[in-house]
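Data first, discussion second: the structure below is written as structure tokens.
Both ligands and their constituent atoms are indexed starting at 1 by order of listing. Reckoned from all heavy atoms, side chains included, excluding hydrogens, waters and symmetry mates.
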Amino acid sequence: MDDATGGRKRILSGMRPTGRLHLGNLVGALANWRALQDDYDCFFMIADYHALMSEYESPGAIAANAREVLIDFVSCGLDPARSVLFRQSDVLQHAELHLVLSCYTPIGWLERCPTYKEQIKELKNRDIHNYAFLGYPVLQAADIVLYKANLVPVGEDQLPHLELAREVVRRFNSLTGAHALIEPQAKLTSSPRLLGTDRRKMSKSYRNQIDIAADAETIRKKVGSMITDPKRIRRDDVGHPDVCNVCQYYKTFAADEADEVAEKCRTAAWGCTDCKARLADLLIEHLREPRDRRAELEADPDRLQAILADGAERAGAVARETLREVKALTGLGGW
Ligand code: SF4
């Protein structure tokens with residue numbers, strides 16, 4: 001592995017293809033991933049098996065959404081020449097290792113997983129009481145260890161999942177006595193948490209997201225609908241920028257203007273309509289480059305297919321080698 005990576009540590013991360021990616025994905029993940037490419041050997045996955053777990057009742061959209069995610073990946077600066085961009089289901093070893101690791105995972109570990117309970121609560125419009133969903137941390141563990149990833153970029157809230165993956169690895173290594181699998185470490189990211197236009201968590205299911213690919217008109221409409229300081233009702237009321245989501249967007253996308261915006265809000269020097277119009281202009285400009293790159297990629301479907309084929313080949317080469325080791329250690333596939 002060292003030869004292949006030039007001694008750089010390896011990172012694995014992924015995104016479920018449930019639609020186009022949004023600003024929350026951009027600041028919470030993609031911007032970090034883009035930077036990580038400079039220092040790490042990166043594998044970025046379109047996690048379509050993970051999507052199927054919750055979208056199995058309408059699977060028709062998964063393939064189209066995988067294409068959207070790939071376009072968002074590349075248009076936001078993930079570089080297929082430097083990083084491995086691949087679709088999970090193109091590498092069969094994910095499913096195979098998932099099955100092997102599930103033998104090493106006590107059910108109680110999964111039932112106690114706090115994020116499992118949270119997701120059950122959050123995805124109310126989906127029936128996710130299925131066998132696969134209970135086991136999705138095992139598939140995540142397989143995703144990571146398949147590539148012998150040293151690090152996984154996570155926020156604090158995802159630490160329990162990673163800890164579970166680490167426990168599975170420890171159990172596997174201890175019972176097989178070979179320490180073949182690498183225990184992944186968290187690479188904690190301190191991304192700003194960007195709320196949706198209604199101040200709830202940004203999510204397609206709440207329809208409160210601003211897509212990275214949104215056109216200018218949509219951005220203006222979405223920003224115009226953002227909930228602001230609830231106490232600022234009339235134009236001459238003074239505002240409280242610290243409680244206003246719009247101000248948080250300035251801090252994230254135009255930090256150099258945030259102080260001035262806050263001052264103009266506190267003194268009622270401008271109204272929320274002016275404040276939002278300026279923010280919409282900034283976002284339109286910020287997203288111009290990804291939007292232009294998206295247009296180029298959409299016009300070149302062969303390029304998209306080539307990126308996926310190359311990613312599957314490069315990811316598959318590593319995955320096949322790990323599976324060969326795992327099978328030898330677990331008594332599978334020959335004697
Ligand atoms: S002026 Fe801007 S920061 Fe102040 S409440 Fe209105 S939208 Fe929010």
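At the shortest separation from atom 6 (Fe) of ligand 1 among protein heavy atoms lies C272 SG, 2.3 Å. Scanning the protein heavy atoms around atom 1 (S) of ligand 1, the nearest turns out to be R232 NH1, 3.0 Å. Summary of contacts: the protein heavy atom closest to atom 7 (S) of ligand 1 is T228 CG2, 3.5 Å.
Salt-bridge formation is detected for the pair E96/K327: a Lys NZ or Arg NE/NH1/NH2 atom is positioned less than 4.0 Å from an Asp or Glu carboxylate oxygen. The existence of a salt bridge linking R232 and D237 is excluded, since no basic side-chain nitrogen approaches an acidic carboxylate oxygen closer than 4.0 Å. Taking the charged nitrogens against the carboxylate oxygens, E68 and R294 do have a contact shorter than 4.0 Å, which makes a salt bridge.
T228 has its side chain within reach of K276: a pair of non-hydrogen atoms, C-beta onward, lies under 4.5 Å apart. In this structure the side chain of F73 never reaches within 4.5 angstrom of the side chain of I307, judged on heavy atoms. Side-chain contact check for R67 versus R87: every heavy-atom pair is 4.5 Å or farther apart.
In this structure, K276 does not count as a contact residue of ligand 1, since none of its heavy atoms falls inside 4.0 Å of the ligand.
Ligand 1 places these atoms under 4.0 Å from at least one heavy atom of D229: 5 (S). Atoms of ligand 1 lying under 4.0 Å from at least one heavy atom of V246, given by number and element, are 7 (S). Contact atoms of ligand 1 toward C265: 1 (S), 3 (S), 4 (Fe), 5 (S) (distance under 4.0 Å to a heavy atom of the residue).
At least one donor-acceptor pair closer than 3.5 Å links the side chain of N173 to the backbone N or O of L181.
Residue C244 does not count as close to atom 2 (Fe) of ligand 1, with no N, O or S atom under 2.8 Å.
Proximity of C275 to ligand 1, defined as any heavy-atom pair under 4.0 Å, is confined to the side chain (atoms from C-beta onward).
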